[in-house]
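Naming: A, B, ... by sequence-line order, numbering from 1 per chain.
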Amino acid sequence: MPELPEVEKGARMLRAASAGRRIAVVRVLHPVYARSLPAADVDRLTGRTIVDVTRRGKHQLATLDDGSVLEIHFGMTGEWIVGSASDPVDRFARVILDFIDGSRITLADSRALGAARLHQPGADVLPDLGPEPLSPSFSADSLGDVLRRRRGPIKVALLDQGVVAGLGNIYAAEALWLARISPRARASSLSAARRTRLVRAIRDVLRRAPAARYTDRENGAQHWRVYDRAGKPCRRCGTRIARIIQGARSTYYCPKCQRA
DNA sequence: GGTCGCCTGGTA
DNA sequence: TACCAGGCGACC
């Protein structure tokens, strides 16, 4: 489930595999992806050279030599497969970029919830995205400014990419557990002290994610502190972890040591 | 603000 | 065979 740390890894892969390379062939292999990357954009991409790749929130941004930007979103199940143009096409390949040097990068996405979009030169890419959680512009004060206008619970607010960029369902739950804040707490009523704890917890969760192998399918789950642990004892106080639905999504939390 | 549905593989 | 996973846009 790609959240910020996984997308950062993806952006690095894309950069290593594509920066400085000229695109020979673009193939779009799924109707959902054809919607976000129509034939006209495939034509525009073909023959262009990828200059650099950056990440913003959960979005990967490949800048092309004409200033246009290819934006990739992994959705739930997106991942890169790096190889050569002679490789067999992956079962879940949705977009394939073949470069003139014979190398290839494939966007595989089993559930096809991701997207690829081409932004024209000079376009404002991702205008509604909130601050990067690991940047100084994200702070207890800035978070307070945004949350003040919110009516709903803090968990739902944290999943809003306009509040903070890059958090998903898992790390939002993990951060709230670390900060000892109930996911049901009203976003607008969080004290400055709790916002400080939350900002710290978000950074902590995101920073340690790669090292903790959060993303490893076999070993990841056992490292989660609260996510997917419904009915199991809280790692802090032993209380049974609760599962509730917020914004049509599962939320896991400790009803005792995460207070509203 | 809340809820639904896109998608499809994995699991009960 | 039904249901669940979830990022996110579309809807009420």
Side-chain angles (χ1 to χ4, degrees), chain A residues 1-11 28-38 55-61 71-81 89-95 106-117 119 125-130 132-133 146-176 183-190 202 205-206 209 214-221 224 226-232 241-253:
Chain A
M1 32 257 24
E3 301 187 32
L4 192 149
E6 294 88 343
V7 176
E8 177 67 33
K9 187 182 160 198
V28 179
L29 301 172
H30 191 286
V32 166
Y33 275 89
R35 231 178 285 156
S36 61
L37 193 67
R55 179 198 57 76
R56 182 80 173 84
K58 300 177 193 172
H59 308 258
Q60 298 169 62
L61 304 173
E71 175 208 346
I72 302 291
H73 196 292
F74 272 168
M76 241 308 278
T77 52
E79 59 181 339
W80 293 120
I81 299 171
V89 172
D90 184 83
R91 181 183 175 201
F92 299 120
R94 307 307 186 202
V95 177
T106 299
L107 172 56
D109 177 8
S110 63
R111 291 179 198 172
L113 292 173
R117 289 183 202 90
H119 299 266
V125 185
L126 310 172
D128 299 325
L129 203 57
E132 286 293 320
V146 178
L147 295 185
R148 201 162 294 136
R149 299 185 290 271
R150 287 258 157 185
R151 305 191 118 256
I154 183 62
K155 163 74 170 357
V156 173
L158 290 180
L159 291 181
D160 185 334
Q161 301 298 297
V163 170
V164 56
L167 277 192
N169 199 41
I170 296 174
Y171 296 151
E174 296 288 285
L176 286 167
R184 310 170 70 164
R186 278 179 71 97
S188 57
S189 67
L190 284 193
I202 288 169
V205 163
L206 292 177
Y214 264 81
T215 57
D216 186 298
R217 272 184 198 190
E218 286 76 40
N219 303 319
W224 287 330
V226 67
Y227 179 79
D228 202 26
R229 288 179 51 78
K232 294 178 180 158
I241 297 300
R243 174 179 177 267
I244 59 173
I245 302 297
Q246 292 180 299
R249 244 157 255 135
S250 289
T251 296
Y252 301 86
Y253 74 110

Student: Let me know the distance between CE of A:Met76 and C1' of B:dT8, rounded to the nearest Å.
Tutor: 11 Å
Student: Which nucleotide, C:dG7, B:dG9, B:dC7, lies nearest any side-chain atom of A:Asn169?
Tutor: C:dG7
Student: Quick check for you: among C:dG7, B:dG9, B:dC7, whose closest atom lies nearest to any side-chain atom of A:Arg35?
Tutor: B:dC7
Student: Starting from P on B:dT8, measure out to CD on A:Glu79 and report it in whole angstrom.
Tutor: 16 Å
Student: Within the 4.5 Å heavy-atom criterion, are A:Tyr252 and A:Asp228 side-chain neighbours or not?
Tutor: yes
Student: Rounded to whole angstrom units, what separation is found between the CD atom of A:Gln246 and the P atom of B:dC4?
Tutor: 16 Å
Student: A:Ser250 has a side chain; which of C:dA5, B:dG9, B:dC7 sits nearest to it?
Tutor: C:dA5
Student: Are A:Pro133 and A:Leu4 side-chain neighbours, meaning at least one heavy-atom pair lies under 4.5 Å?
Tutor: yes
Student: Is any N or O donor-acceptor pair between the side chain of A:Arg249 and the base of C:dA5 shorter than 3.5 Å?
Tutor: no
Student: Within the pair A:His59 and C:dG7, is there a side-chain N or O less than 4.0 Å away from OP1 or OP2?
Tutor: no
Student: For A:Phe74, answer base if it contacts any base atom (sugar-phosphate contacts may also be present), sugar-phosphate if it contacts only those atoms, and nothing otherwise; contact means non-hydrogen atoms under 4.0 Å.
Tutor: nothing
Student: Write down the atom of A:Leu29, the atom of A:Val89, and the distance for their closest heavy-atom approach.
Tutor: CD1-CG1, 4.0 Å
Student: Expressed in angstrom and rounded to an integer, what is the separation of A:Lys155 atom NZ from C:dG7 atom P?
Tutor: 9 Å
Student: At 4.0 Å (heavy atoms only), tell me whether A:Arg243 reaches a base, stays on the sugar-phosphate, or touches nothing.
Tutor: sugar-phosphate
Student: Separation of A:Phe92 atom CZ from B:dC7 atom C1', in whole Å?
Tutor: 11 Å
Student: Would you call A:Arg55-A:Glu132 a salt bridge at under 4.0 Å N-O?
Tutor: yes
Student: Can you tell me the distance, in whole Å, between the CG atom of A:Asp160 and the C1' atom of B:dG2?
Tutor: 14 Å
Student: Would you mind telling me which residue lines up with the more 5' stretch of DNA chain C, A:Arg117 or A:Tyr252, judged by nearest nucleotide?
Tutor: A:Tyr252
Student: Select from A:Arg150 and A:Ala248 the residue whose nearest nucleotide in DNA chain B is closer to the 5' end of that strand.
Tutor: A:Arg150
Student: Send over the distance from A:Leu129 CG to C:dG7 C1', rounded to a whole Å.
Tutor: 13 Å
Student: Provide, to the nearest angstrom, the distance between the CG atom belonging to A:Asp90 and the P atom belonging to B:dG9.
Tutor: 12 Å
Student: Roughly how far, to the nearest 0.5 Å, is the CZ atom of A:Arg243 from the CZ atom of A:Arg229?
Tutor: 15.5 Å
Student: Counting heavy atoms from C-beta on, name the nucleotide in B:dC7, B:dG9, B:dG1 closest to the side chain of A:Arg151.
Tutor: B:dG1
Student: Which comes earlier along DNA chain C counting from the 5' end, the contact point of A:Leu167 or that of A:Arg111, where each point is its nearest nucleotide?
Tutor: A:Arg111
